[in-house]
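Have a look at the structure below before the remarks.
It should be emphasised that the depicted structure is a prediction, and the values quoted were computed from it without experimental measurement.
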Amino acid sequence: MSAVCPSWLSFILYNPVRKAFTDRQKILDESGITPDSVVLEIGAGNGFFTEVIAMRARKITAVELQTGMVNKLKKRIGGVHEKVDILQGDIALLDIGEGFADVCLMYFSFHEVNNKADAAVNISSAIRKGGILSIYEPTIEVSRGDMLKTIKLFEQKGFSMESGRSGLFTRFARLKKA
């Protein structure tokens, strides 16, 4: 298990270099996020993806563990705050609701979850039938075997693999709920 990025280091999550090298629009496209989508974002951090999701999607529920990150997230989404609900807490312990999300985006976050089994139950129940689960993980922290375990965990919850890839920096899996 890796450590969660502390909020005082959040500048590494949102900076000009990361913005230049991360095609956030492509990730939203790949994840199936449309103007009609209701999105669940796990590990929102300081809002690197939250702000662009909110500009595209109908509604977003952003889940973040740390108070410091939530404070930064609230500042980042100022112009689109009416489209964003922020839930602070551990996704494995939160009651986030059932069948409301069209898409769940987890970008470099699921590997940081301590109780993956309970988190998978909560995430799975929040995604509607036919909904998409989009998982991105860093190759430096998540081995191919670990990514396969994550995929298998969600397959056991009724998801099927639609597409995936393993690149130099990122592993990706897109699953659909039956």
* Structure fact -> Residue pairs passing the side-chain hydrogen bond (donor to acceptor under 3.5 Å, both in side chains) test with at least one member in residues 147-164, sequence neighbours excluded, are Glu162-Arg174
* Structure fact -> d(Phe49 CZ, Ile60 CD1) to nearest 0.5 Å is 11.0 Å
* **Heavy-atom donor-acceptor pair, Glu64 side chain to Gln66 backbone, under 3.5 Å** => yes
* To do: Decide side chain to side chain contact (heavy atoms under 4.5 Å, CB included) for Glu137 and Asp146; before the verdict, give the C-alpha distance in whole Å, the side-chain angles of both, and the deciding distance to 0.1 Å.
  => CA-CA 10 Å; Glu137 292 288 24; Asp146 288 339; over 6 Å; no
* Asked: For the side chain of Lys59 and the backbone of Val38, is there at least one donor-acceptor N/O pair under 3.5 Å apart?
  -> no
* To do: State whether Phe159 and Lys176 meet the cation-pi test: NZ (Lys) or CZ (Arg) under 6.0 Å from the six-membered ring centroid, and within 45° of the perpendicular axis.
  => no
* To do: Quick one: do Asn46 and Leu73 satisfy side chain to side chain contact (heavy atoms under 4.5 Å, CB included)? Show the steps, please.
  => CA-CA 4 Å; Asn46 63 1; Leu73 175 60; 5.6 Å; no
* Is there a donor-acceptor contact under 3.5 Å linking the side chains of Glu30 and Ser134? -> no
* Output the distance between atom CG (Leu93) and atom CD1 (Ile91), rounded to the nearest 0.5 Å. => 9.0 Å
* To do: Please check if Phe169 and Tyr107 belong to a single hydrophobic cluster, counting links between Ile, Leu, Val, Met, Phe, Trp and Tyr side chain heavy atoms closer than 4.5 Å.
  => no
* To do: May I ask you to check whether Phe110 and Phe154 place their ring centres under 6.0 Å from each other?
  => yes
* Structure fact -> Sorted by chain and residue number, the side-chain contact (heavy atoms from CB on, under 4.5 Å) partners of Ala126 (sequence neighbours excluded) come out as Leu40, Ile96, Phe100
* Asked: CZ of Arg144: more than 12 outside heavy atoms within 6.0 angstrom?
  -> no
* Asked: Checking Arg24 side chain against Phe48 main chain: does a donor-acceptor pair fall under 3.5 Å?
  -> yes
* Atom pair OH (Tyr136) and NE2 (His111), whose distance is rounded to the nearest 0.5 Å -> 16.0 Å
* Is the closest side-chain heavy-atom distance between Val52 and Gln25 below 4.5 Å? -> yes
* How long is the gap from OG on Ser37 to CG on Leu105, to the nearest 0.5 Å? -> 11.0 Å
* Kindly determine whether Arg171 and Thr139 satisfy side-chain hydrogen bond (donor to acceptor under 3.5 Å, both in side chains), including the steps that lead there. => CA-CA 6 Å; Arg171 297 186 198 290; Thr139 56; 5.4 Å; no
* To do: Can you see which heavy atom on Ala178 is nearest to which on Lys129, and at what distance?
  => O-CG, 3.6 Å
* Asked: What are the two closest heavy atoms between Gly89 and Val63, and how far apart are they?
  -> O-CG1, 3.8 Å
* Asked: So which heavy atom on Val80 is nearest to which on Met55, and how close?
  -> CG1-CG, 4.3 Å
* Structure fact -> One should read off an interatomic distance between Ile53 CD1 and Leu28 CG, to the nearest 0.5 angstrom, of 6.0 Å
* Asked: Going through the distances and angles, do Asp29 and Arg56 end up as a salt bridge (Lys or Arg N to Asp or Glu O under 4.0 Å)?
  -> CA-CA 10 Å; Asp29 291 343; Arg56 178 182 292 190; 2.6 Å; yes
* Examine distances only and state if a side-chain atom of Arg58 and a backbone atom of Asp36 form a donor-acceptor pair shorter than 3.5 Å. => yes
* Return yes if some donor-acceptor pair links the side-chain N/O of Asn122 with the main-chain N/O of Leu94 below 3.5 Å, else return no. => yes
* **Cluster overlap Ile123 with Val121, hydrophobic side-chain contacts below 4.5 Å** => no
* Structure fact -> Distance col, row Ile86:CD1 vs Asn71:CG, nearest 0.5 angstrom, shows 9.0 Å
* Electrostatic pair Lys177:Asp102 at N-O distance under 4.0 angstrom -> no
* Do other residues, nucleotides or ligands put more than 12 heavy atoms under 6.0 Å from Lys74 NZ? -> no
* Asked: Do Glu51 and Val84 touch side chain to side chain, with heavy atoms closer than 4.5 Å?
  -> no
* To do: For the pair Ile132 and Cys104, evaluate side chain to side chain contact (heavy atoms under 4.5 Å, CB included) and give the outcome as yes or no after the intermediate values.
  => CA-CA 6 Å; Ile132 296 167; Cys104 176; over 6 Å; no
* Asked: Should Leu65 and Gln88 be marked as a side chain to side chain contact (heavy atoms under 4.5 Å, CB included) after you check the CA-CA gap, both sets of side-chain angles, and the distance that decides it?
  -> CA-CA 5 Å; Leu65 180 64; Gln88 184 179 345; over 6 Å; no
* Hey, are Ser125 and Glu98 close enough side-chain-wise for a donor-acceptor pair under 3.5 Å? -> no
